[in-house]
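Reading through the structure tokens given below for one structure.
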Amino acid sequence: MATRHNLPLQERIPIKNTFQRVSSLLILTLLFSLLLYRLTSLHSHGPIWLIAFLCESWFTFIWVLYMNGKWNPVKHKTYPERLLKRSDIDLPAVDMFVTTADPKLEPPIITANTVLSLLAVEYPAHKLACYVSDDGGSPITFYSLLEASKFAKLWVPFCKKYNVRLRAPFVYFSSEPQASQALSQEFMDDWRHMKNKYEEFSRRIDDAASHYMDDELADFSNIERGNHPSLIKVIGENKQGLEDGIPHLVYVAREKRPKHPHHYKAGAMNVLARVSGVMTNAPFMLNVDCDMFANNPEVILHGMCLLFGFDNEASSGFVQAPQQFYGALKDDPFGNQLVVLQGITGPGIGGIQGPFYAGTGCFHRRKILYGSTPGLAGVSKHDELSNKEPQRIYGDSRELFESASQMTSGKIRETSCSNNLSSSVGVAKRVASCTYEFNTCWGNQIGWAYGSMTEDVLTGLRIHSMGWKSVYLILDPPAFLGSAPTGGPASLTQHKRWSTGLLEVLLSRSSPMVATFTKQLKFRMCLAYLIVLVWPLRSIGELCYALLPAYCLLANTSFMPKASEPVFVIPLALFLISNIHSLIEYFQCGLSVQACWNNQRMHRIFAMTSWLFGLLGVLLKILGLSETIFEVTRKDQQSDTNDTDKDPGRFTFDNSPMFISGTAVLLVNLVALAVGLLRLYRTVEGGPSPGLGEFVCSVWVVFSFWPFVRGLVGRGSHGIPWPVILKAAVLVSLFIQFCGLEWVH
Ligand SMILES: O=c1ccn([C@@H]2O[C@H](COP(=O)(O)OP(=O)(O)O[C@H]3O[C@H](CO)[C@@H](O)[C@H](O)[C@H]3O)[C@@H](O)[C@H]2O)c(=O)[nH]1
Ligand SMILES: [Mn+2]
């Protein structure tokens with residue numbers, strides 16, 4: 001029995017979902033009835049019914065994937081106060097990684113705030129080190145971190161003295177202090193002082209361009225973004241190993257050469273793993289994107305509860321916090337806040353083998369990234385790795401493979417960071433060079449995996465395939481908060497990159513379909529992965545189904561049963577019940593009807609634009625015609641967008657070809673509806689002419705593309721550019737030709 005000092009650090013709580021299960025079974029039954037009806041009446045209808053049947057079979061398959069994913073939701077409650085009382089657990093060291101890539105799209109002040117929030121977390125400072133990877137090799141980013149390191153000397157003690165809850169200063173100072181605190185004169189004086197200091201600090205970063213030529217920045221002069229040696233700078237060092245000091249802060253810009261592939265974020269993460277490996281070598285790593293600040297100061301303690309809270313460490317290979325967003329637009333107009341996906345499907349997958357790795361807000365065990373498989377003593381390694389020379393695995397830095405061997409053999413468990421970072425800068429530069437990985441296992445069997453734009457999903461999948469589980473860390477207040485892209489182009493580009501990456505995973509050697517038979521990936525987990533991995537393929541089904549009603553209205557035929565037939569009730573019930581079902585999920589997550597609708601329509605829009613282009617991108621890559629690239633998402637500080645844009649939730653457009661397909665789908669349905677309505681006045685009896693079903697479906701598509709309807713009449717960035725409309729119109733006229741438009745029989 002647990003003694004008072006040995007109380008469990010976490011509690012697994014199954015979430016009741018009987019209602020969910022019943023209604024999803026009901027929907028499944030309706031889907032099967034529809035399929036049965038199609039099959040039995042296929043002979044009396046043309047190819048249109050066959051297409052409808054194929055689409056609906058596909059939708060049924062997707063539904064089964066979701067049902068599997070949501071069937072056994074669980075959550076974990078964590079008890080950090082118990083962790084602090086445990087005498088048998090010495091808090092381990094944690095290396096914290098931040099990645100940034102482009103000072104224009106990712107303003108350095110945002111990265112600096114994320115870093116400050118991490119330096120100020122509630123955790124012994126001598127056990128923490130923060131490494132920032134700058135793929136932009138930008139002097140302004142570096143300068144901002146220098147300034148952040150100075151500012152941290154004021155900010156960290158202030159946060160700890162007053163137990164500040166929001167430790168990213170830009171959020172903290174965006175509101176006035178709480179009334180209870182405002183009563184204290186001392187606090188108010190400190191607060192004002194701090195606020196002034198923060199304002200000075202951010203002004204200095206704004207003016208940074210003029211500081212280019214400072215001594216400290218000399219190394220950056222003449223730097224070309226994609227062509228420079230590795231730059232590693234120890235910005236802040238906790239030399240005395242003070243528990244209440246400021247954690248180490250290290251700037252890393254890996255070597256970049258135009259001819260060497262750098263593997264985008266995965267490459268950056270591997271460099272961080274190696275650089276930290278030769279500097280502090282903490283057994284745990286926390287990684288966040290540059291915009292994802294620590295919003296809950298106890299986040300590392302909570303994470304540790306899950307890393308140490310199970311009898312067997314195989315139960316928590318990694319600990320992932322959901323991606324949540326600050327200053328998120330009301331009702332999620334761009335459908336990218338992922339609330340329901342993470343709030344309902346996330347805990348569901350948590351009940352199978354654990355959440356996917358989402359690339360940010362995740363605690364990793366270093367040894368797993370070095371290839372350790374779950375074993376009792378944690379000594380076993382990947383079969384393919386166990387008989388390789390360490391140089392062939394980790395590369396030829398003796399310092400690195402010694403530190404890695406110690407890690408994988410479980411011999412040491414570092415509990416505090418080394419105090420002499422500066423002496424290892426030389427070695428660190430070497431392991432950050434672009435040739436270091438040649439003939440090693442980096443990116444393949446060890447480290448962050450190469451070969452996908454969603455390196456996170458691929459890397460997590462490999463970890464699950466090794467037999468590790470993962471745990472979802474859901475905290476209130478949320479563990480981390482980041483910025484969700486706003487505007488049409490940025491949102492669609494992000495989804496295009498994701499769907500490209502997900503298809504790359506599906507088609508890779510590590511595909512879950514293979515791993516479930518050859519490795520330790522559970523079959524139900526394979527199905528769970530498919531929920532996201534088939535996104536790009538879903539574009540085909542969605543596109544066909546959105547064109548079916550238009551085709552029928554134009555070609556004067558039907559793909560739905562007539563409203564007068566009794567079977568009409570099947571699609572009708574499906575339509576109603578599935579919408580109510582998802583509405584209830586949105587309510588359960590505390591969202592509104594409007595948010596539900598916004599997400600539904602964005603789902604249609606993503607499918608027929610981003611996912612479609614993701615699919616095309618991968619096809620072109622397979623054909624060897626082009627490479628997939630990582631397009632970084634623009635991050636804005638909310639206050640900026642509010643000033644310039646009165647209606648930030650309104651969809652914006654640019655000349656991206658992705659808008660052509662979306663516009664074409666909309667135009668086709670608009671034309672089809674017009675034709676269908678006109679024809680109503682000239683109806684000829686008999687024949688399979690379109691009916692209520694086709695009209696409703698077509699109207700539904702138009703509503704789903706409402707942002708595009710507004711785009712047709714909007715101006716500036718709110719309007720769809722003419723070239724896009726013209727190209728879409730060409731596609732539409734081809735489609736109308738194909739339908740063999742019939743006015744009257
Ligand atoms: O060459 C690159 C490209 C990107 N990044 C960093 O990768 C992170 C994610 O990029 P972002 O543009 O914000 O993409 P998102 O779509 O918002 O990111 C999600 O999806 C990515 C995979 O596509 C994951 O890597 C991220 O962790 C996850 O938050 C950022 O910190 C970038 O600085 C690099 O370090 N090097
Ligand atoms: Mn991001």
Side-chain angles (χ1 to χ4, degrees), residues 96-123 125 128 130-134 136 138 140-160 162 164-175 177 191 194-208 235-236 246-251 286-297 299-300 321 323-328 360-361 477-485 632-643:
M96 308 182 286
F97 299 160
V98 180
T99 49
T100 180
D102 185 325
K104 292 229 166 58
L105 299 173
E106 306 181 322
I109 184 74
I110 293 187
T111 309
N113 267 279
T114 300
V115 167
L116 285 166
S117 75
L118 292 175
L119 297 180
V121 286
E122 281 303 318
Y123 203 76
L128 296 175
C130 178
Y131 294 85
V132 181
S133 155
D134 177 17
S138 147
I140 306 179
T141 304
F142 174 65
Y143 173 77
S144 312
L145 294 175
L146 279 178
E147 288 297 320
S149 166
K150 290 182 206 153
F151 181 66
K153 297 199 175 86
L154 303 172
W155 177 243
V156 175
F158 173 80
C159 290
K160 297 205 171 157
Y162 295 107
V164 168
R165 306 311 297 158
L166 277 169
R167 298 190 182 181
F170 81 100
V171 200
Y172 179 68
F173 291 118
S174 65
S175 57
W191 186 86
M194 210 58 206
K195 188 168 187 206
N196 286 337
K197 287 283 174 197
Y198 178 69
E199 279 162 5
E200 275 171 33
F201 160 76
S202 43
R203 235 187 340 265
R204 267 201 299 280
I205 294 181
D206 284 343
D207 303 340
I235 293 182
I246 318 273
H248 303 311
L249 175 59
V250 182
Y251 172 88
L286 163 65
N287 99 271
V288 295
D289 292 346
C290 59
D291 54 322
M292 299 267 168
F293 59 83
N295 177 64
N296 184 323
V299 60
I300 301 195
Q323 281 205 28
Q324 288 167 283
F325 305 98
Y326 63 87
T360 177
F480 302 94
L481 292 179
S483 81
V632 175
T633 316
R634 171 182 295 282
K635 281 118 191 140
D636 292 308
Q637 266 182 299
Q638 208 55 41
S639 51
D640 301 353
T641 42
N642 282 350
D643 293 344

Counterpart residues, side-chain hydrogen bond (donor to acceptor under 3.5 Å, both in side chains), relative to Asp134 (two or more places apart): Tyr251
Nearest atoms (heavy-atom pairs only) where Glu106 meets Val632: OE2-CG1, 3.3 Å
All heavy atoms of Cys130 vs all of Val98, minimum pair found to be SG-CG2, 4.2 Å
Could you tell me which residues satisfy side-chain hydrogen bond (donor to acceptor under 3.5 Å, both in side chains) with Ser144, sequence neighbours excluded, listed by chain and number? none
Decide yes or no for Phe158 and Tyr172: does some side-chain heavy atom of the first lie under 4.5 Å from some side-chain heavy atom of the second? yes
State plainly whether the residues Glu122 and Arg167 are in salt-bridge range, i.e. N to O under 4.0 Å. yes
No-hydrogen, no-angle side-chain donor-acceptor test under 3.5 Å, Tyr198 and Asn113: yes
Please walk me through it: do Val132 and Thr111 pass side chain to side chain contact (heavy atoms under 4.5 Å, CB included)? CA-CA 9 Å; Val132 181; Thr111 309; 4.3 Å; yes
Side-chain heavy atoms of Ser149 within contact of Ile235, under 4.5 Å: yes
If we only count heavy atoms from C-beta on, is the Arg165 to Pro477 side-chain gap below 4.5 Å? no
May I ask you to say whether Lys150 pairs ionically with Glu147, meaning some side-chain N is under 4.0 Å from a carboxylate O? yes
Can you find a heavy atom in the side chain of Phe170 that is under 4.5 Å from one in the side chain of Ile109? no
Which atom pair, heavy atoms only, marks the closest approach of Pro478 to Gln324? CB-OE1, 3.3 Å
Can you name the closest pair of heavy atoms from Pro169 and Phe151 and give their distance? CG-CE2, 4.0 Å
List the atom of Ala112, the atom of Phe201, and the distance in Å for their closest heavy-atom pair. CB-CZ, 3.9 Å
Please check if the side chain of Asn295 supplies one atom and the backbone of Ala479 the other of a donor-acceptor pair under 3.5 Å. no
Atom of Trp191, atom of Pro177 and distance for their closest heavy-atom approach: CZ2-CD, 3.3 Å
